[in-house]
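Only a predicted model underlies this, so the values are computations on that prediction, with no experimental measurement involved.
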Amino acid sequence: MAAFVFEVIVALLLVGAAMMCWRVDRRLKALRDGQDGLRDTVAGLNDAVDRARAALAALDRASRESSEVLEARTREARALADELRLLAGAGERGLERFERPRRSAPGRTAGTAQPASRPSEDLLKTLR
């Protein structure tokens with residue numbers, strides 16, 4: 001009888017061990033499936049990183065090119081601004097020479113009304 005009880009206990013232990021093995025097998029299978037999914041995720045992430053690197057390189061090239069264009073335009077604008085200053089200064093000096101003889105002309109009195117301003121004078125005042 002003791003042998004029978006012992007065999008029943010061993011059989012129960014074997015059933016328990018078989019159930020545990022079945023559960024461990026399911027968990028290992030889920031882990032392998034998850035690992036495959038993780039592998040796919042890592043591969044996708046690597047592709048995304050490569051695309052991001054390529055995009056950053058293209059952005060860097062584009063920013064360098066636009067920086068060069070902007071620099072050239074800035075230089076051109078400064079040269080034009082300097083030229084405009086010279087022209088405005090020459091125009092002001094020319095206007096002063098033109099107005100100086102009229103102001104000091106004989107026969108003019110302080111009470112004489114000034115003639116209406118001409119469009120070129122208005123333009124020059126606007127530029128000042």
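Separation of atoms OG1 (T74) and CD (E76) is listed at 10.0 Å; rounding is to 0.5 Å. Here the straight-line distance linking atom CG of L13 with atom CD of E7 works out to 13.0 Å at 0.5 Å rounding. Considering CG of D82 and CG of L87, their distance stands at 11.0 Å, rounded to 0.5 Å. Rounded to the nearest 0.5 angstrom, L80 CG and R85 CZ are separated by 11.0 Å. In this structure, L56 CG and R61 CZ are separated by 11.0 Å, a value rounded to the nearest 0.5 Å. Put simply, CG on D36 and CZ on R32 are 9.0 Å apart, with the number rounded to the nearest 0.5 Å.
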Assess whether side chain to side chain contact (heavy atoms under 4.5 Å, CB included) is satisfied between E68 and E71, documenting all intermediate values. CA-CA 5 Å; E68 291 169 1; E71 227 175 280; 5.6 Å; no
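The hydrophobic cluster containing L14 also contains F6, counting ILVMFWY residues as joined when their side-chain heavy atoms lie under 4.5 angstrom apart, directly or transitively.
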